[in-house]
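Both backbone and side-chain heavy atoms feed into the values below; hydrogens, waters and symmetry mates do not. Both counts, for ligands and for their atoms, begin at 1 and track the order of listing.
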Amino acid sequence: MPSRKLATARTVGVYLVGGLGDIATTLLVGACAIRRGLASRTGLVTDLPPLDALGLIEPAALRFGGADIRPGTPLEAAGAVYRASRTFSRELLDGVRDDLAQLAPAFAHDPALQWSTACAPGDPPLAEIAARLRARLRAFAQAHDGLVVVNLASADAAPAPSACTTDLDALEAALAGNRKDLITPAMLAMHCALMEGHPYVNFTPNAGPELPSLRALAQARRVPHCGNDAKTGETLVKTALAPMFAWRNLRVLSWEGVNLLGNNDGRMLAEPQRRAAKLRNKRDVLEKLLGYPLHSDVAINYVPSLGDWKTAWDLIHFQGFLDVPMTMQFTWQGCDSVLAAPLVLDMVRLADLARRRGEAGAMRHLACFFKNPIDVDEAALHAQFALLLAYARDRAAPRAAGRRGIRRDPSPSAG
Ligand SMILES: NC(=O)c1ccc[n+]([C@@H]2O[C@H](COP(=O)([O-])OP(=O)(O)OC[C@H]3O[C@@H](n4cnc5c(N)ncnc54)[C@H](O)[C@@H]3O)[C@@H](O)[C@H]2O)c1
């Protein structure tokens with residue numbers, strides 16, 4: 001039965017920009033552990049019905065590669081995550097040690113992928129950096145039946161305002177003209193992914209999928225993409241909880257949040273320029289959900305001893321009948337990378353499906369995964385999740401055929 005054989009042999013490459021970071025490392029450990037039957041699939045949204053009837057690529061059929069600006073291997077990175085945070089057990093790490101060791105050749109050390117605003121003499125020009133990245137993507141893609149590029153790199157400063165963000169020709173000209181002051185590393189990563197025809201997932205708050213210049217390229221190349229800034233902790237709770245206040249007609253006066261985190265992401269976000277986009281994404285959501293301005297401040301404090309274990313404390317001051325003030329507080333304590341890693345698998349599986357179905361542009365149905373989703377104004381988690389369910393229901397294959405493949409009917413472009 002050749003078609004059956006082909007279906008099971010299908011592999012999809014996942015190219016991780018920022019491939020040695022905490023999320024990437026936890027993802028690799030998790031994917032290897034799932035493949036070996038050492039870990040459950042708890043946390044995978046795509047295992048829920050009706051998403052499980054979409055014929056998505058199995059996590060065991062994903063093959064990982066990537067690049068990072070720091071040297072090292074996935075195995076070394078996993079050892080570092082274990083020592084810093086005990087995100088996974090020693091037993092689990094030992095169980096996937098050989099698999100991680102084998103991944104080393106697929107991960108490039110490329111310090112040129114990060115730059116500051118101006119080009120120093122001797123630095124490779126943007127066109128050369130892009131050519132190298134594209135060559136790596138091409139080689140990786142050739143070995144598989146599809147490729148998804150995921151940006152898991154550190155939070156960056158926003159791009160300087162310029163026509164590069166709005167106009168594709170201006171972006172191409174700036175790339176050719178080595179304008180490192182106008183093009184951010186994340187913009188370049190997305191540009192390379194799209195030029196090579198691969199779906200792009202922006203897990204970070206960095207600029208990319210929302211920019212009209214890159215969106216024009218995605219449409220021209222017929223490639224799906226999604227972003228920005230995955231919703232894994234405090235904002236996830238906010239977008240589930242704020243509708244409750246709205247539906248009971250309780251007036252929220254203030255919603256203050258303090259985030260304490262000790263991983264490298266926390267260290268990077270300690271820099272005001274880098275955290276600006278993250279803070280905006282966390283703040284804007286409340287006004288959208290409640291429909292009126294309120295006092296809301298969000299702090300992000302770097303506390304090294306916490307490692308990857310994040311604490312978010314939120315205080316909600318609200319008014320009820322007779323204007324009586326009341327307070328709700330919650331404390332969210334989670335392991336950042338454990339919350340994030342399964343979402344990467346979910347988005348990769350769905351991006352691969354979108355690509356196979358010929359869908360292009362913003363993957364609106366993935367809004368529930370992001371703090372700042374593209375082209376979706378709806379901020380409430382339940383309504384965003386309904387978009388995902390509707391997408392899945394519309395495309396789910398009948399159960400009997402579900403695991404064998406996908407429906408062949410053409411689908412509308414996501415725009
Ligand atoms: N953990 C979460 O729950 C969560 C939620 C939403 C968004 N994010 C975002 O996801 C990203 C990754 O988070 P993390 O905790 O793994 O961070 P991390 O700091 O552990 O990893 C980032 C990795 O990216 C590398 N890097 C930096 N700039 C690069 C570039 N230009 N090209 C290639 N590699 C580069 C770093 O060397 C590092 O290894 C961050 O932008 C973070 O803000 C995380």
N/O donor-acceptor pairs under 3.5 Å from side chains in residues 256-266, not counting sequence neighbours:
unit_1	atom_1	unit_2	atom_2	d
Glu256	OE1	Asp297	N	3.3
Glu256	OE2	His295	ND1	2.8
Asn259	OD1	Lys282	NZ	3.3
Asn259	OD1	Lys310	NZ	3.3
Asn259	ND2	Glu234	OE1	3.2
Asn259	ND2	Ala299	O	3.3
Asn263	OD1	Asp265	N	3.3
Asn263	OD1	Gly266	N	2.9
Asn263	ND2	Asp308	OD1	2.6
Asn264	OD1	Arg267	NE	3.0
Asn264	OD1	Arg267	NH2	2.5

Only distances under 3.5 Å count here; give the side-chain donor-acceptor pairs of residues 152-161 to other protein atoms, sequence neighbours excluded, each with its distance to 0.1 Å.
none

Tell me which donor-acceptor pairs under 3.5 Å the side chains of residues 183-197 have, and how far apart each pair is, sequence neighbours excluded?
unit_1	atom_1	unit_2	atom_2	d
Thr184	OG1	Met187	N	3.2
His191	NE2	Glu172	OE1	3.3
His191	NE2	Glu172	OE2	3.4
Glu196	OE1	Arg138	NE	3.0
Glu196	OE2	Arg134	NE	2.7
Glu196	OE2	Arg134	NH2	3.0
Glu196	OE2	Arg138	NE	3.4
Glu196	OE2	Arg138	NH2	2.8

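Side-chain atoms of Arg349 come within 3.5 Å of backbone atoms of Ile57 as a donor-acceptor pair (strictly under, hydrogens ignored). Checked by atom type and distance alone, the side chain of Arg63 pairs as donor or acceptor with a backbone atom of Ala60 at under 3.5 Å.
Taking the six-membered ring for Trp, His225 and Tyr200 have ring centres at least 6.0 Å apart.
Within 4.0 Å of ligand 1, heavy atoms belong to protein residues Val17, Gly18, Leu20, Gly21, Asp22, Ile23, Asp68, Ile69, Arg70, Leu113, Gln114, Leu152, Ala153, Ser154, Ala155, Pro185, Phe203, Thr204, Pro205, Asp229, Ala230, Thr232, Asn264, Asp265, Lys278, Asp336, Ala340, Lys371.
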